[in-house]
Each structure stands twice: as structure tokens, then as C-alpha cells.
Amino acid sequence: MSLQINNRFLRWFEHRLPIISLLDHSVGTSYPSPKNLSYWWNFGSLAGIVLVVQIVTGIVLAMHYTAHVDYAFDSVEHIMRDVNYGWLMRYMHANGASMFFIVVYIHIFRGLYFGSYKSPREVLWWLGIIILLIMMATAFMGYVLPWGQMSFWGATVITNLFSAVPVFGESIVNWLWGGFSVDNPTLNRFYSLHYLLPFVLVGVVILHIWALHEHKSNNPLGIDIKGPQDTIPFHPYYTAKDLFGLGVFLIFFSVILFFMPNSLGEVDNYIPANPLVTPAHIVPEWYFLPFYAILRSITFDLWFIDAKLLGVIAMFASILILFVLPWLDTSRVRSARFRPVYKQVFWLLFIDVIILGIVGAKAPSEPVFSALRSFQYVDLGQIGTAYYFIHFIVLMPLIGWFEKPKPLPKSISEPVLEGAGE
Amino acid sequence: MRKSVLLFAAAILLTTASGAFAAGGAVHPVQRDWSHTGPFGTFDRAAVQRGFQVYREVCAGCHSVRLLAFRNLQEIGFSEDQVKAIAKGWDIGIPTTDEDGESINEDGEPITRAPIPSDRIPSPYANEKQARAANNGALPPDLSLMIKARIDGANYVYSLLAHGYEDSASEDTLKEAFHIENTNRKHAYEDAMKQYDDDLDKYQDKLEAYQQAVAGGRKAKEPKKPEEPEKPVVVESVEDMGLSDDMNFNAFFGGWGIAMAAPLSEEAVEYSDGTAPTLEQHAYDVVSFMTWAAEPRMEDRKRIGIKVLIFLLILTVLLYFVKRKVWSDVH
């Protein structure tokens, strides 16, 4: 299907800058998509929309925010109280971060379930992981800006992780801080980077979409597009579907935003930062909890590596391992629909991550069950962490070798199995 | 399979949540009905106004509400003139300078003027040191965001004020507090005993090594015998809690000891609207005031939220039918 431009001015413009056809090839009638995408494929475009919401609300907030240790907390309260609709901007931005992670985590698990990381989409997958890493850095630095207790102590704990680096650790941490503790220089550079990184994110998102368009979306059957009979144009089919999904998502977002805007945050962050008072439990935002659990579950030295460094390595490795997932997964079948064993293991990984999230929120020495006091959250975290890595390093290669996949359909347009019911 | 997996996850969530419940040194707050809760909840203006009176007459002696300006009081139903009068009559002035630009008078005291509505409500102490000096070393926290800065803030502060101190706590509350403390002490004792047993084993080994060294005529340091942990006192009264003299027992305060003596009591404040001045009423009113102070835009938020949700629900239904129509030739 090629684009017909009827308006004379647009035709004139298109001749000089073919941006209309670019859009048409990206999200228009000229972009063929598999015809069988389920609602799990809505979350990519949703993530893009949330990124725009974050940038727009963030720019407005930046007009009223003061990045200084003496004024940051009060300037946020000034936004909440005195700026017209400031409360709306601020709650939208703070909860928007949570929404971004909810949407992106679903997007990632979708990719894991349907094998979207496999050939020829490895680079697309890599770019996605880079997006996740930039998101995490941006969210972490954004959380520091209100300069509440959890902002300050979260920043202190996380920047201190770099002190685990042998020899240069302390120098690195002082360099990050711009001083000898988390202080005004730290706040200022975090603000600067928090403003910069989202635009870097936009750049990587464009690369992500570029890579996507090269081989088109994966689909619930996980088989390649064989011809035009397998596809439909992105517009109007998926624009309509994405818009409906956006409506559902906005309802969910609005319920949180307008009726429970503080439910995802820590109450301690409504106390101004105080370097002399350490909160009883320093916990990151919910979207970091599984990684925080992995970090804290390493309580033992290994050979010459001490526990702290090992924890940091494990935490980073838990994300970086995703880069090699396309090669750790030895199965040629993409979709878990046709992989009876992997399907089960996928859900076990999902539960494992939820459990790690719960562990991350608890004090390590707290007993998991009141009846069995010797079994503490740190123990559960160690089991969860071990399983997380076993999943990727042991189970993924083994299942690919030993699993007998179900027969694949011939094509997307005729999902009738030969010898079905065997 | 998927179902059983999800059920398993739910079971884990439930057991861990309930396991965590009993931990920590404080009783779970009493749950009250508030007019400000729920999607349609609004501030009870009369209660917020009475609460401001409680704040002014009782709390303001020690606690600031530094994020509130006098003009904000118009939002809870005070008239412009009333606000002017409240500002003008405030005990503490705003630091200023005289016509010569001096900020202190001949006696070295800071020069102040009466507040006006656009001023923030002045804090009772000039700085943290002064606040601590006046309060036995304790720092009375600012109350502007108190309700948002505590878990289950409104119920927590209400419980602390009305049902937490020894004289106002119910028998059940005290029993629960003692039970929690006894459980914690028992666990701490068990942990200490386990440690003691380990230490004792280590001590035995060291002792043998020491005796051999002595028998062999070598020099050695005699190991120290570990001390057996003391059995904890069973708490049956507030006294058994063992709080220091400058601390007051409160069942809802983490660690049981709070520096603030019970601030409210029956008839602590005389209401002009005829509301019965009970302790619970005072606590309810001042918490209503603090809830408003913590988020004065809450009513706007909910009102707009309802409109947004109605709009989105209709839009989403329409979008659903659009999607169906567009896809009708594919399905």
C-alpha cells in the first residue's frame, strides 16, 4: 500500500522533506504488522506515551523546582500548594514513573514469554535493555530531587555501592558526590542528569523502533511473516487497538493519580532530608525492590571478592545477563505457546521476581513466617536470587535442548496445525 | 498450572503480609471514620476549624506548621477579616527592620511586626537549638506534612493522641502493647541465648588451648568467659517497659517511649460551636486540621479525578467500539 497525498501543500512539502511518508512507514498504512498481535503488544506504544507524559510534566515541574539542599523540599511543597495545578503535575510525574515501570516490565515479560529477543531481533532486545538501564538511572536521580529523607538516604546507599570497587572505590564515590557526602553538588548534578537522560532515552527509543521496523513485530505464534496475507497495515488497525488500550491504561493511571497518589511512595519522603537521622528502613521505590533484594542477598565472600562487591556485581548482572539471553536460550521456537516446559518455567521466574520484590521491601533479619523464626527474608532472598540466575544460566540452555516443542502452525494466516490433536 | 502458580503467589503474599504484622514495637492504629477518606471524601470544615483552634491553643506552643500561610485559612471557611484578626493576634511576630534598617532593638532583641495574612504561620522556636533547649533535648516536629509522613497518618496520629497514653489507652490496647513487647523480648532473648551458646563453645576451645599452653609452660592470655544473657522481665504494666524518666508511654509510638507528654485532655479547648470538648473530639479535630494542612488541594484532586474518570470511561467505551468497527473485516 503506498501513500496518496491529496493536499497540494502537503505534496509540495513532502517533495522537499518526506516526513509524511516517514510517519506513514512508521505508524501508518504503509507499515505492515502481523495480523494476530494480542493486547500484550499494546505496552510498547504505551511506554512511548508515558515517556512523553513524563517529559512534558517534568519540564513544567522544572519551571518551579529549585535544585538546592535548602530549597528543594520546600519548592516541591510550593508546587503542591501554590502553583496552579502543580499538585497534578507533580503527582502525575511521580506516579508516571511507576506507570512507566509497570508498562515496561509487562513489555519485557511479554518479550520473554513470546521469545521476542530471538534472532533476528537481538539488537532490538539490546536496545530495550539499554532503555531499561537509562530509565532506572533517570528514576533514581529523579527520586533524589524532592530531597526528602528517602531521597537523601536512598542516594547515599546507592552511590555508596560504588565504594565496593577495589582500589578506586572511594575516589569514585567522592567523584560522584562532588564532595565527601551526598550534598548540594550531588543534588545539582542529579538534577542536570535527570533533565538530560530522558532525551537520551528518546534517542534510544527511536533506535529501538527502527530496529523493530526492520523485522516487524514478533507475534503470539512466534513465527515469521510469510507474506502479505499474514499482515495488516498498522493504521487503522493497531492505531485503533492502541488507542483503546491507552484508554484502559489512562483509567488505571487516573485511579492511582487522583485517588491514591501516595500509595506507591514511601511516607518518609515527606520528611525533609536530614543527614543526622537515618530512617529505620531504607527502601527504594517498588520498581527497584527485586534488584535491591539481589544486592542484599549476597552476605558472603567468594574467593577474593568481598560480599559487598559481590552483591553489586550480582545486582548489575541480574540485568546485564539479559544481553546474552538470545544465546542462552537454545530453543529455536520463539513463543512459549509451543514450548510446554518453558511456559511453566516462565511463570516460575515471574513468581521469583515478585518474591524478590517482597524480600526487597523487608528488613533482611525479619522472619518470613512468625512460626519459623530462623528463616529470615535474607534467606528467602538468597533462594530467590539463586533461582533467578539458575533460570537464565542453567534452565534456559537445558530446556532448549531437551524440550519437545509442540508443532508450529504453517503461517500466521492459517494457524491450523497439521496433525493437531496428536 | 498458571492458576495454581498464581494461587501460590497469592498465598505467599498473604502469609508474609500477616507475618510482618506483629513485628515492630507499636500497636496497629485504631481505625476511625473520616470525612476526608474515599473517592468523594471532603474536609469536614467545622472539624478542621476546631482543629485549628486546638492547634493554636495547644500544639502551637511547641510545634510549627511552617508550610501554611495565614491566608490558607480562608480555604477552610474563615472569612478574610477573621484571617486578618488571627494573623494580627498571633503570639509570635515576624522579624523585620525599623526605619533605620536595624533588625534588633536597643536591648538586643529582634524587632518584629504583627503577621499579616500573606505571612507563613510563625514557628514557636527560632531554630532547632532553641526548640531542643526548651523541650528536654527533644525536637517537636513540624506538623505541616505529619499526616503524609506517617503510615496510615490520620489514624496513627489520632490513635496516638486519643488512645495511646497510659491514662487514655484501653485495657485491650495496653494488653496488646505488652504482648508485642513480651514477644519481642522473648525473641531477643532467644537470639541472645543462641549467640551465648556459640560463644560458650568457642570459649571452651580457647580455654583448652590456654590450659595446654599453660601446661606446656608457654605464655598465653586467659580467655574471658561469655556472660549469660539475662532473662527478660515479663511486661505486665507500663512500668515494666523500663522507659526512661523523660519519656512517656504511648502504645502507638514506635519503641513505646515518646518525649511529648499527653498534650490533650478533656476540655483542653473550649469550643464556641457547642461541640462536646472530649479528648477524642479534640484529637479528631486536630487530626482533621493536620490532614488538611498536609494536602490542602485534596478536594480539587478528587473532584477533578471524578470528572476525568467519567470522561475516560465514556471515551474508552467509544474507543472500544471504534476498534471493533475497524477490525470487523479482519475477524
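What you are looking at is a predicted structure, and each value in this text was computed from that prediction instead of being measured. Chain naming here is simple, since letters A, B, ... match the order of the sequence lines and numbering starts at 1 in each.
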- Message: Is B:Asp300 close to chain A through its backbone or its side chain, or both, or neither, when contacts mean heavy atoms under 4.5 Å?
- Response: both
- Task: List the steps and the verdict of side-chain contact (heavy atoms from CB on, under 4.5 Å) for A:Trp87 and B:Glu295.
- Result: CA-CA 9 Å; A:Trp87 58 268; B:Glu295 196 175 351; 5.5 Å; no
- Crowding at CG, B:Asn127 (>12 non-hydrogen neighbours, <6.0 Å): yes
- Message: How close do A:Ser254 and B:Leu309 get, counting heavy atoms only, and between which atoms?
- Response: CB-CD2, 3.9 Å
- Determine whether B:Lys323 and A:Leu243 make a side-chain contact, defined as any pair of heavy atoms from C-beta on separated by less than 4.5 Å. no
- Please examine the side chains of A:Leu88 and B:Ile304, heavy atoms only from C-beta on, and report whether any two atoms are closer than 4.5 Å. no
- Task: Report the C-alpha separation of A:Asp82 and B:Arg71 in whole Å, then their side-chain angles, then the decisive distance to 0.1 Å, and conclude whether the salt bridge (Lys or Arg N to Asp or Glu O under 4.0 Å) test is met.
- Result: CA-CA 12 Å; A:Asp82 300 326; B:Arg71 65 182 160 79; 3.6 Å; yes
- B:Leu315, B:Val322, B:Val308: which one forms the most heavy-atom pairs within less than 4.5 Å of chain A? B:Val308
- Message: Could you check whether atom OH of A:Tyr39 has more than 12 heavy atoms from other residues, nucleotides or ligands sitting under 6.0 Å from it?
- Response: yes
- Message: Using a 6.0 Å cut-off, check whether atom CD of B:Gln31 has over 12 heavy atoms from anything other than its own residue.
- Response: yes
- Task: Side chain from CB out, backbone as N, CA, C, O: work out which of these in B:Ala294 comes under 4.5 Å of a heavy atom of chain A, or both, or neither.
- Result: backbone
- Under 4.5 Å from a heavy atom of chain B, the part of A:Leu257 involved: backbone
- Task: List the steps, then state whether side-chain contact (heavy atoms from CB on, under 4.5 Å) holds for A:Ile232 with B:Val330.
- Result: CA-CA 9 Å; A:Ile232 43 175; B:Val330 178; 4.1 Å; yes
- Examine whether an atom of B:Leu318 lies under 4.5 Å from a heavy atom of chain A, and if so say whether it belongs to the side chain, the backbone or both; otherwise answer neither. neither
- Item | chain B contact via A:Phe73 - side chain, backbone, both or neither, heavy atoms under 4.5 Å | side chain
- Where is the tightest heavy-atom contact between B:Leu67 and A:Glu77, given as atom of each residue plus distance? CD1-CG, 3.6 Å
- B:Ile151 versus chain A, heavy atoms under 4.5 Å apart: side chain, backbone, both or neither? both
- Query: Shortest non-hydrogen contact from B:Arg297 to A:Met80?
  - Reply: CG-O, 3.4 Å
- Task: Quick one: which of B:Pro39, B:Gly305, B:Gly41 has the most heavy-atom pairs under 4.5 Å with chain A, could you say?
- Result: B:Gly305
- Message: Between A:Tyr270 and B:Arg150, is there a side-chain heavy-atom distance shorter than 4.5 Å?
- Response: no
- Atom CZ in A:Phe252, atom CG in B:Leu312: separation rounded to 0.5 Å? 13.5 Å
- Ignoring hydrogens and geometry, is there a side-chain-to-backbone donor-acceptor pair from A:Arg81 to B:Leu68 under 3.5 Å? no
- Item | Among the listed options A:Gly247, A:Gly86, A:Ala371, A:Gly245, the residue most often paired with chain B at heavy-atom distances under 4.5 Å | A:Gly247
- Item | Inter-residue atom distance B:Lys148.NZ - A:Asp268.CG, 0.5 Å rounding | 14.0 Å
- Is A:Phe259 close to B:Ile306 at the side-chain level, that is, under 4.5 Å between some pair of heavy atoms? yes
- Message: Taking every non-hydrogen pair under 4.5 Å, which of A:Asp242, A:Thr239, A:Asn262, A:Asn269 racks up the most with chain B?
- Response: A:Asn262
- Item | Over 12 foreign heavy atoms within 6.0 Å of OH, B:Tyr320 | no
- With only heavy atoms counted, which part of B:Val326 is less than 4.5 Å from chain A, the side chain, the backbone, both or neither? both
- Exceeds 12 heavy-atom contacts within 6.0 angstrom, atom CZ of B:Phe311: no
- Euclidean distance, B:Ile310 CD1 relative to A:Ile251 CD1, rounded to 0.5 Å: 11.5 Å
- Message: Please confirm whether the ring centroid of B:Trp327 lies under 6.0 Å from the ring centroid of A:Tyr238.
- Response: yes
